[in-house]
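Heads up, the thing below is written out as structure tokens.
Just so you know, these numbers use all the heavy atoms, side chains as well, and skip hydrogens, waters and symmetry mates. Along the sequence shown, residues carry numbers from 1.
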Amino acid sequence: MSEKKETPERQRERLRQEELKRNRSGSMSDGFNRASSGSLVDLVNSLGSKGTGILIIVIILLFAIRVVRI
């Protein structure tokens with residue numbers, strides 16, 4: 001019973017990497033587009049669930065402050 005369980009995050013990243021390897025021309029186009037604007041997926045993956053939650057709360061607070069000022 002020594003099966004290696006893969007977390008959902010690792011499975012998504014592994015599948016994403018496999019897709020990039022299979023589709024070189026599409027990934028090159030994506031790379032050029034991502035370089036100019038950044039990738040939200042990479043941001044969320046690097047922050048984790050707590051960091052993403054904090055980022056969402058900060059965005060909501062900034063939006064609420066701006067609405068109140070107007």
Side-chain angles (χ1 to χ4, degrees):
M1 285 196 165
S2 63
E3 294 180 26
K4 291 185 178 181
K5 298 283 182 173
E6 198 172 32
T7 63
E9 293 87 11
R10 289 189 187 266
Q11 185 179 14
R12 276 193 297 269
E13 183 63 26
R14 181 179 52 79
L15 292 173
R16 184 172 156 261
Q17 292 297 326
E18 288 175 3
E19 177 63 27
L20 290 174
K21 287 178 186 175
R22 279 183 288 181
N23 190 1
R24 294 276 181 193
S25 62
S27 65
M28 186 167 51
S29 172
D30 290 344
F32 286 129
N33 293 334
R34 227 180 260 152
S36 64
S37 63
S39 173
L40 184 60
V41 173
D42 292 334
L43 174 65
V44 170
N45 283 338
S46 67
L47 289 176
S49 60
K50 289 180 185 177
T52 303
I54 291 171
L55 180 64
I56 291 171
I57 290 171
V58 168
I59 291 171
I60 291 171
L61 288 174
L62 291 173
F63 180 74
I65 291 170
R66 181 171 174 132
V67 168
V68 171
R69 291 178 95 193
I70 294 176

Any residue meeting side-chain contact (heavy atoms from CB on, under 4.5 Å) with Leu15, in chain and number order, not counting sequence neighbours: Gln11, Glu18

Residue among Val58, Ile59, Ile57 satisfying side chain to side chain contact (heavy atoms under 4.5 Å, CB included) with Leu61: Ile57

Residues which pass side-chain hydrogen bond (donor to acceptor under 3.5 Å, both in side chains) with Glu6, listed by chain and number, not counting sequence neighbours: Arg14

For Ser49, side-chain contact (heavy atoms from CB on, under 4.5 Å) partners two or more places apart: none

Pairing residues for Ile56 by the side-chain contact (heavy atoms from CB on, under 4.5 Å) criterion, not counting sequence neighbours: Thr52, Ile60

Listed partners of Val67 passing side-chain contact (heavy atoms from CB on, under 4.5 Å), at least two apart: Phe63

Arg10 bridged to Glu13 by N-O distance under 4.0 Å: no

Whichever hydrophobic residues join Val68 through chains of side-chain contacts under 4.5 Å: none

